[in-house]
Amino acid sequence: MRSDQDWWFDDAAGPLVRPYAMTRGRTRPGAPNLNLVTQIRASQSRSDPSSLTPEHREIIDLCKVPLSVAEVAAYLNVPLVVVKVLISDLIERGDVVAGALFQTSEIADTKLLQAVLDGIRRI
């Protein structure tokens, strides 16, 4: 049984304040062109990690392999707008790079490329 002082607490609600605290109250990212499919990749040259929050460091670790903003939000299990604000912070610091699809491997097989092109032409 709960006391009168615990009337405001709801176990089912979960962490209501944490996302607000992670962004220090900010609700808009500084980088306005971030969308669900924008690819994020950790930069080769990073600034001092001691001034970063654990969430910022986790984003950098996740993005050693290019991920979309939506994937980062899913891995961190936080709302999309929060991830956009955190990624925006990292872009401003130069810790991550945002852009179109990053190529992770080179395709040297010209026969494969020709087959893909032929398939597209048939559509």
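Because only heavy atoms are used, hydrogens play no part in the values below, and waters and symmetry mates are left out as well, while side chains stay in. In what follows, residues are counted from 1 in the order of the sequence shown.
The structure places SG of Cys63 at 10.5 Å from CZ of Arg41, a figure rounded to the nearest 0.5 Å. Rounded to the nearest 0.5 angstrom, Ile59 CD1 and Asp95 CG are separated by 10.5 Å. To the nearest 0.5 Å, the span separating CD on Glu71 from CG on Leu36 amounts to 11.0 Å. Note that CG of Leu34 and CG of Leu80 are 9.0 Å apart. Values are rounded to the nearest 0.5 Å.
Inter-residue side-chain proximity for Val82 and Glu55 is flagged as unmet; no heavy-atom pair is nearer than 4.5 Å. Leu86 has its side chain out of reach of Val72: every pair of non-hydrogen atoms, C-beta onward, lies at least 4.5 Å apart. At a threshold of 4.5 Å between non-hydrogen side-chain atoms, the residues Asp89 and His56 count as touching.
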request  = List the steps, then state whether side-chain contact (heavy atoms from CB on, under 4.5 Å) holds for Thr38 with Ile87.
outcome  = CA-CA 11 Å; Thr38 302; Ile87 289 173; over 6 Å; no

Step-by-step side-chain contact (heavy atoms from CB on, under 4.5 Å) determination, Val69 to Asn35 = CA-CA 7 Å; Val69 172; Asn35 59 45; over 6 Å; no

message = Determine whether Leu67 and Ile40 satisfy the following criterion, side-chain contact (heavy atoms from CB on, under 4.5 Å), listing intermediate values before the conclusion.
response = CA-CA 5 Å; Leu67 294 174; Ile40 307 300; 5.6 Å; no

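The two residues Ser43 and Val97 have their closest heavy-atom pair at CB-CG2, 4.2 Å. The two residues Ile91 and Ala98 make their nearest non-hydrogen contact at CD1-CB, 3.7 Å.
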Contacts under 3.5 angstrom, residues 115-123 side chains, donor-acceptor by atom type, not counting sequence neighbours:
from: Asp118; atom 1: OD1; to: Gln114; atom 2: NE2; distance (Å): 2.9
from: Arg122; atom 1: NE; to: Asp118; atom 2: O; distance (Å): 3.3

